[in-house]
Amino acid sequence: MPRARALLERHRGRALRGLGRLDEAQEHVERALTAFRARGEAYNTARALTDLAEIRLAGEEPAEALSLADEAIRILSEENADQHVEYLRRLRERCSGRRE
């Protein structure tokens, strides 16, 4: 049940980000992140970090987004989640304003 609650918090945060309600989105995703870290769930921790990076970038905080993306890349590289790591690399480029 705690894992399901954390997943629900994460998805609520993603939905709120889509609606432009960034402060609320961040609160939900941060609760999910705390829960995933406490449970030792590396993959879901990294996905929540990705969500936070997207929220921070949408809120015009690219330096903070970059830091979160880097942490997620490190975790997901260890999880061999190559497709998601590639997405995060593109997100990093958006944070730094570079397009390749």
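Note that this is a predicted model, so its numbers are computed, not measured.
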Quiz item: Does the side chain of R5 come within less than 4.5 Å of E9's, by heavy atoms?
Solution: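 A side-chain contact is absent here, since even the closest heavy-atom pair is not under 4.5 Å.
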
Does one hydrophobic cluster hold both [X] and [Y], with members joined at side-chain heavy-atom distances below 4.5 Å?
X: L16; Y: L49; result: no
X: F36; Y: L52; result: no
X: Y43; Y: L88; result: yes
X: L57; Y: V85; result: yes
X: L91; Y: I73; result: yes

Out of curiosity, [X] [atom1] to [Y] [atom2], how far, rounded to the nearest 0.5 Å?
X: R12; Y: E27; atom1: CZ; atom2: CD; result: 12.5 Å
X: Q26; Y: R56; atom1: CD; atom2: CZ; result: 4.5 Å
X: R14; Y: R17; atom1: CZ; atom2: CZ; result: 6.0 Å
X: R89; Y: D70; atom1: CZ; atom2: CG; result: 10.0 Å
X: R31; Y: L33; atom1: CZ; atom2: CG; result: 12.0 Å
X: R47; Y: L76; atom1: CZ; atom2: CG; result: 7.5 Å

Considering non-hydrogen atoms only, spot the tightest contact between [X] and [Y] and give its length.
X: A48; Y: R10; answer: N-NE, 4.0 Å
X: A25; Y: G13; answer: CB-O, 3.2 Å
X: C95; Y: P62; answer: O-CB, 3.2 Å
X: T50; Y: A72; answer: OG1-CB, 3.8 Å
X: E41; Y: R39; answer: OE2-NE, 2.8 Å

Quiz prompt | Worked verdict on R3 versus N44 for side-chain contact (heavy atoms from CB on, under 4.5 Å) | solution = CA-CA 10 Å; R3 182 174 188 268; N44 282 320; 3.3 Å; yes

Quiz item: Would you call E71-R37 a salt bridge at under 4.0 Å N-O?
Solution: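 Counted as a salt bridge, because a side-chain N and a carboxylate O are separated by less than 4.0 Å.
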
